[in-house]
S.K.: 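Could you have a look at this structure, given as structure tokens, before my questions?
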Amino acid sequence: MNKQQVKLAIAPIGWTNDDMPELGSENTFQQIVSEMALAGFTGSEVGNKYPRDPVVLKPMLELRGLQICNAWFSTFFADERCEETLAGFSEHLNFLQAMGAKVIGCSEQSGSIQGTGLPVLANDKPCFSEAQWQRVIDGYNTLGRLAAEKGMQVCLHHHMGTGIQTTAEIDTFMSRVDNSVFLLYDTGHAWYSEGSEAAMLAILEKYLPRINHVHLKDVRPVVIEQVRREGLSFLDGVKKGTFTVPGDGVIDFRPVFRLLDNYGYQGWMVVEAEQDPALANPLEYALKARQYLRETADL
């Protein structure tokens with residue numbers, strides 16, 4: 001891939017989990033960012049241990065040759081929490097702009113079961129009504145315009161357990177939002193939702209012109225099958241090892257890199273593989289991912 005156009009980052013969720021703070025509670029911010037740099041990454045997303053004052057955070061990252069490329073933002077448009085969402089987005093936007101980020105990854109969390117004990121592969125995830133879809137579309141078009149005014153871009157993170165998880169739901173969203181709204185493509189969530197590499201790649205190929213941020217996440221199908229069989233929740237699966245870093249699971253990432261490269265993708269690719277750090281040493285897995293990316297993407 002083109003080293004001038006594509007940059008590599010890693011998410012802190014491998015060290016400490018925002019949804020389950022007990023996972024990796026012993027890992028400090030200083031350790032996290034130092035190990036990211038040691039593993040050979042130049043970017044990071046934002047975790048719960050990161051200082052939120054750019055004056056404090058920026059020099060600590062610059063010292064290690066790191067920069068912030070994105071930070072998760074939850075939206076609640078379907079639940080009619082528009083004013084609350086817009087107020088939070090404005091603050092989030094200002095923080096990311098101060099940190100030099102260009103994209104804002106958002107997830108529509110209305111009715112989400114990702115943080116609950118409900119089975120993630122049953123029929124409990126939200127399915128939006130037409131009225132809810134319209135609120136989501138209108139809301140994201142507003143976010144897209146607000147971001148564009150600051151020279152930034154909004155992208156939707158399709159995610160297990162949410163109302164925008166499946167290929168069909170991604171299609172509905174992308175066909176109705178305007179061109180100021182983009183897609184955050186996540187290999188792990190696409191495979192998990194659709195159950196195959198072919199379906200995962202089909203989403204990528206279809207939306208290449210609208211993808212402005214990429215999460216590289218591998219999966220372990222044996223664990224996914226256990227999640228399905230035992231009716232486990234999304235977070236139960238995470239603790240058992242649903243996800244891992246590229247090169248350690250079942251996904252062959254070479255077709256992903258080939259499609260992105262042939263299209264001329266410009267932006268960040270982020271290793272984002274939440275595991276229990278007590279079972280999967282974060283530095284060890286970061287190094288494993290970095291080596292795999294050298295070998296398969298020439299980055």
S.K.: Are M160 and L204 linked, directly or through intermediate hydrophobic residues, by side-chain heavy-atom contacts shorter than 4.5 Å (ILVMFWY only)?
M.R.: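 Yes.
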S.K.: Hey, do the aromatic rings of H213 and H157 have their centres closer than 6.0 Å?
M.R.: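 No: the rings miss the under 6.0 Å criterion.
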S.K.: Using atom types as modelled and distance alone, determine if a side-chain donor or acceptor of N141 lies under 3.5 Å from a backbone N or O of D178.
M.R.: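 Yes; at least one donor-acceptor contact below 3.5 Å.
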S.K.: For L235, enumerate each residue passing the side-chain contact (heavy atoms from CB on, under 4.5 Å) test, keeping only those at least two apart in sequence or located in another chain.
M.R.: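 If we apply the side-chain contact (heavy atoms from CB on, under 4.5 Å) test to L235, skipping adjacent residues, the hits are D19, M20, S233.
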S.K.: State, yes or no, whether a side-chain contact exists between F77 and Q132 at a heavy-atom distance under 4.5 Å.
M.R.: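 Heavy-atom side-chain distance check fails, nothing below 4.5 Å.
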S.K.: Can you see which heavy atom on W191 is nearest to which on P221, and at what distance?
M.R.: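 Minimum heavy-atom contact is CH2-CG, 3.7 Å.
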S.K.: Verify, without hydrogens or angle tests, whether S175 (side chain) and T172 (backbone) share a donor-acceptor contact under 3.5 angstrom.
M.R.: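 Checked: pair present.
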S.K.: Looking at every non-hydrogen atom in both residues, tell me the closest pair between K239 and L23 and how far apart they are.
M.R.: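 Looks like CG-CD1, 4.1 Å.
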S.K.: Are W72 and V238 connected into the same hydrophobic cluster when the rule is that any two of I, L, V, M, F, W, Y join if their side-chain heavy atoms are below 4.5 Å apart?
M.R.: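 Each belongs to a different hydrophobic cluster.
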S.K.: Taking atom CD as the centre, does Q291 end up with more than 12 heavy-atom neighbours from other residues, nucleotides or ligands that are less than 6.0 angstrom away?
M.R.: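 More than 12 heavy atoms, drawn from other residues, nucleotides or ligands, come within 6.0 Å of this atom.
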S.K.: Are the side chains of Y50 and V56 in touch, meaning some heavy atoms are under 4.5 Å apart?
M.R.: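 A side-chain contact under 4.5 Å is absent here.
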S.K.: Give a yes or no on whether E84 atom CD has more than 12 heavy-atom contacts from other residues, nucleotides or ligands under 6.0 Å away.
M.R.: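 Buried by this count: over 12 neighbours within 6.0 Å.
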S.K.: Would Q109 and Q114 count as a side chain to side chain donor-acceptor pair (under 3.5 Å) here? Give the steps.
M.R.: CA-CA 9 Å; Q109 287 290 296; Q114 71 186 64; 2.9 Å; yes
S.K.: Quick one: do Y263 and E205 satisfy side chain to side chain contact (heavy atoms under 4.5 Å, CB included)? Show the steps, please.
M.R.: CA-CA 9 Å; Y263 180 74; E205 192 164 17; over 6 Å; no
S.K.: Atom CG in L61, atom CZ in R64: separation rounded to 0.5 Å?
M.R.: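 So the gap between those two atoms works out to 8.0 Å.
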S.K.: With side chains defined as the heavy atoms from C-beta onward, is the minimum distance between L156 and V177 less than 4.5 Å?
M.R.: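 L156 vs V177: side chains apart.
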S.K.: Charged N to carboxylate O under 4.0 angstrom, D248 versus R220?
M.R.: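 Yes, this pair counts.
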S.K.: Should the pair H92 and F73 be assigned to parallel (<30°), tilted (30 to 60°) or perpendicular (>60°) ring geometry?
M.R.: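 H92 and F73: tilted rings.
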S.K.: Could you give me the CA-CA distance, side-chain angles and deciding distance for Q67 and W268, then say whether side chain to side chain contact (heavy atoms under 4.5 Å, CB included) is met?
M.R.: CA-CA 11 Å; Q67 65 184 105; W268 289 93; 3.5 Å; yes
S.K.: I need the minimum non-hydrogen distance between E197 and D252, along with the two atoms involved.
M.R.: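 That would be OE1-N, 3.1 Å.
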S.K.: Keeping the roles fixed (side chain from T142, backbone from D138), state whether a donor-acceptor pair exists under 3.5 Å.
M.R.: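 Yes.
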S.K.: Is atom CG of N123 surrounded by more than 12 heavy atoms (other residues, nucleotides or ligands) closer than 6.0 Å?
M.R.: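 Result for CG/N123: open.
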S.K.: Would you say the side-chain atoms of Q165 pair up with the backbone N or O of G161, donor to acceptor, closer than 3.5 Å?
M.R.: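 Yes; at least one donor-acceptor contact below 3.5 Å.
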S.K.: Parallel, tilted or perpendicular for Y192 and F243, by the 30°/60° rule?
M.R.: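 Y192 and F243: perpendicular rings.
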S.K.: Restricting to non-hydrogen atoms, name the atom on M269 and the atom on F257 that form the minimum distance, rounded to 0.1 Å.
M.R.: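 Taking M269 first and F257 second, the nearest heavy atoms are CE-CE2, 3.7 Å.
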S.K.: Looking at G24 and K49, what are the two nearest heavy atoms and their distance?
M.R.: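 Between these two residues, the closest heavy atoms are O-NZ, 3.4 Å.
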S.K.: Among L216, I211, N212, I170, which residue satisfies the side-chain contact (heavy atoms from CB on, under 4.5 Å) criterion with Y185?
M.R.: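 Looking at L216, I211, N212, I170, the match for Y185 under the side-chain contact (heavy atoms from CB on, under 4.5 Å) is I211.
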S.K.: Is there a chain of hydrophobic side chains (I, L, V, M, F, W, Y, each step under 4.5 Å between heavy atoms) that links V214 to F182?
M.R.: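 No, because V214 and F182 fall into different hydrophobic clusters, even though each may have its own neighbours under 4.5 Å.
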S.K.: With rounding to the nearest 0.5 angstrom, report the CG to CD1 distance, L118 to I113.
M.R.: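 It is 5.5 Å, given to the nearest 0.5 Å.
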S.K.: Looking at A98, is its backbone amide N or carbonyl O close enough to the side chain of K58 to form a donor-acceptor pair, meaning the two atoms are under 3.5 Å apart?
M.R.: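 Checking the backbone N and O of A98 against the side chain of K58, a donor-acceptor pair under 3.5 Å is found.
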S.K.: Treating T85 as the side-chain partner and F76 as the backbone partner, does any N or O pair qualify as donor plus acceptor under 3.5 Å?
M.R.: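 At least one qualifying donor-acceptor pair exists.
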S.K.: Show your reasoning for whether side chain to side chain donor-acceptor pair (under 3.5 Å) applies to T28 and Q30.
M.R.: CA-CA 5 Å; T28 67; Q30 298 270 9; over 6 Å; no
S.K.: Rounded to the nearest 0.5 Å, what separation is found between the NZ atom of K125 and the OG atom of S112?
M.R.: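 Reported value, rounded in 0.5 Å steps: 9.5 Å.
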S.K.: Check V245 against A289 and note the closest heavy-atom contact, atom names and distance.
M.R.: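 So the two residues come closest at CB-CB, 3.7 Å.
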S.K.: Are there over 12 heavy-atom neighbours, none belonging to R294, within less than 6.0 Å of that residue's CZ?
M.R.: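 Yes, because the 6.0 Å sphere around CZ of R294 holds more than 12 heavy atoms from other groups.
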S.K.: For a 4.5 angstrom cut-off between non-hydrogen side-chain atoms, does F89 reach T75?
M.R.: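 Counting from C-beta outward, F89 and T75 never come under 4.5 Å.
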S.K.: So D18 and I13, do their side chains get closer than 4.5 Å, heavy atoms only?
M.R.: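 No, their side chains stay 4.5 Å or more apart.
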S.K.: What verdict does the side chain to side chain contact (heavy atoms under 4.5 Å, CB included) test give for Y140 and R176, after you've listed the backbone C-alpha separation in whole Å, the side-chain angles of each residue and the deciding distance to 0.1 Å?
M.R.: CA-CA 10 Å; Y140 271 79; R176 294 178 62 174; over 6 Å; no
S.K.: Would a distance-only check, ignoring hydrogens and angles, find a side-chain to backbone donor-acceptor pair under 3.5 Å from N27 to W15?
M.R.: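 Such a contact is found between N27 side chain and W15 backbone.
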S.K.: Treating D218 as the side-chain partner and V250 as the backbone partner, does any N or O pair qualify as donor plus acceptor under 3.5 Å?
M.R.: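 A pair under 3.5 Å: yes.
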S.K.: For H189 and H159, take the angle between the two ring planes, folded into 0 to 90°, and tell me which bin it lands in: parallel under 30, tilted 30 to 60, perpendicular over 60.
M.R.: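 Rings of H189 and H159: tilted, 30 to 60°.
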S.K.: Taking atom CD of Q4 as the centre, does the number of heavy atoms from other residues, nucleotides or ligands within less than 6.0 Å exceed 12?
M.R.: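 Result for CD/Q4: open.
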S.K.: Taking the basic N atoms (NZ, or NE/NH1/NH2) and the acidic carboxylate oxygens, is any pair closer than 4.0 Å for E230 and K240?
M.R.: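 K240 and E230: not salt-bridged.
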S.K.: Within the 4.5 Å heavy-atom criterion, are L201 and V256 side-chain neighbours or not?
M.R.: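 Yes. Closest side-chain heavy atoms under 4.5 Å.
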S.K.: Tell me if the CD atom of E83 is crowded by more than 12 foreign heavy atoms within 6.0 Å.
M.R.: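 No, the 6.0 Å shell around CD holds no more than 12 heavy atoms from other groups.
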S.K.: Output yes when a side-chain donor or acceptor of Y285 lies under 3.5 Å from a complementary backbone atom of A273, and no otherwise.
M.R.: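 Absent.
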S.K.: Could you check if a side-chain atom of M1 sits within less than 4.5 angstrom of a side-chain atom of D298, using non-hydrogen atoms only?
M.R.: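 They are not in contact (no side-chain heavy atoms under 4.5 Å apart), so the answer is no.
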S.K.: Evaluate the criterion side chain to side chain contact (heavy atoms under 4.5 Å, CB included) for residue pair I68 and L96; output intermediate values, then yes/no.
M.R.: CA-CA 8 Å; I68 294 300; L96 282 178; 3.9 Å; yes
